[in-house]
Amino acid sequence: MSEKEMQNLDETTNATPERSESKESKPKDTKESKSAKPKKDKAKADKKPGLGKRLARFFRELKAELKKVAWPTRAETMRNTGIVIVCVIIVGIIVWVFDGLATALINALLSLFGR
């Protein structure tokens, strides 16, 4: 090995203990310093606001949310209402037809088997 390599090797071996000493010399009271901080008063943090304040906040938030709603126009409301009424009538007719068929089938079976 050359002299430079030997010096580098010596420097690295000498530097390692210094690093470990510097690590050891650091204060290990980090846990102590964290626990030494005063804790917040839990009674203040756990206390709920009164019923009136909670209701007032609820209605303020409700109003803010209702402002975000995309309200339909009168024409859109009338059109959608008409569509719903037509669909209800169609489904009602279908149920009425099937009910009539089921009634006729049951009456036919009962008359066939002796009533």
Side-chain angles (χ1 to χ4, degrees):
M1 266 194 211
S2 68
E3 284 185 39
K4 281 189 173 182
E5 291 174 348
M6 292 291 277
Q7 285 177 351
N8 286 338
L9 183 61
D10 288 338
E11 287 174 6
T12 56
T13 57
N14 288 339
T16 307
E18 289 175 336
R19 289 181 190 161
S20 65
E21 287 175 13
S22 66
K23 288 181 182 176
E24 290 175 8
S25 65
K26 287 184 181 178
K28 291 189 177 184
D29 58 1
T30 55
K31 291 180 183 176
E32 293 173 12
S33 65
K34 288 182 181 177
S35 63
K37 292 181 182 177
K39 294 183 179 179
K40 293 182 180 178
D41 189 57
K42 287 188 178 181
K44 290 181 182 177
D46 292 341
K47 189 176 180 182
K48 283 186 183 177
L51 179 65
K53 288 185 179 183
R54 286 187 286 162
L55 281 173
R57 189 179 90 203
F58 172 77
F59 284 112
R60 275 195 312 271
E61 291 174 359
L62 179 70
K63 184 178 176 183
E65 288 297 321
L66 287 175
K67 285 182 180 179
K68 296 177 188 177
V69 174
W71 295 101
T73 62
R74 182 171 177 83
E76 290 172 333
T77 305
M78 297 302 282
R79 181 178 48 107
N80 291 341
T81 303
I83 290 171
V84 169
I85 290 171
V86 169
C87 289
V88 166
I89 290 171
I90 290 172
V91 170
I93 290 171
I94 291 171
V95 169
W96 178 64
V97 168
F98 280 118
D99 182 53
L101 290 174
T103 303
L105 179 66
I106 289 172
N107 286 337
L109 289 174
L110 287 175
S111 66
L112 183 65
F113 291 110
R115 250 200 167 196

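From a predicted model like this one, the values you see are computed outputs, not experimental measurements.
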Asker: In this structure, which one of I83, V84, I85 forms a side-chain contact (heavy atoms from CB on, under 4.5 Å) with C87?
Answerer: I83
Asker: Taking everything shown except R54 itself, do over 12 heavy atoms lie less than 6.0 Å from its CZ?
Answerer: yes
Asker: Quick one: pull up CZ in R74 and CE in M78 and give me the separation to the nearest 0.5 Å.
Answerer: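 One finds 5.5 Å between CZ of R74 and CE of M78.
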Asker: In terms of hydrophobic clusters joined by side-chain contacts under 4.5 Å, are V86 and W96 together?
Answerer: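 Result: yes, single cluster for both.
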Asker: Looking at CG of L62 and NZ of K67, how far apart are the two atoms once the value is rounded to the nearest 0.5 Å?
Answerer: 11.5 Å
Asker: Taking all atoms of both residues into account, what is the closest heavy-atom pair of P72 and E76, and its distance?
Answerer: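 That closest heavy-atom pairing would be CA-OE1, 3.2 Å.
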Asker: Within this structure, what is the CZ-OG1 distance for the pair F98 and T103, rounded to the nearest 0.5 Å?
Answerer: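 It comes to 13.0 Å.
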Asker: Among I93, V88, I94, which residue satisfies the side-chain contact (heavy atoms from CB on, under 4.5 Å) criterion with I90?
Answerer: I94
Asker: For residues S111 and A108, report the shortest heavy-atom separation together with the two atoms involved.
Answerer: OG-O, 2.9 Å
Asker: Do the side chains of L66 and F58 join up, straight or via other hydrophobic residues, at under 4.5 Å, putting them in one cluster?
Answerer: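 Yes; F58 is reachable from L66 via cluster members.
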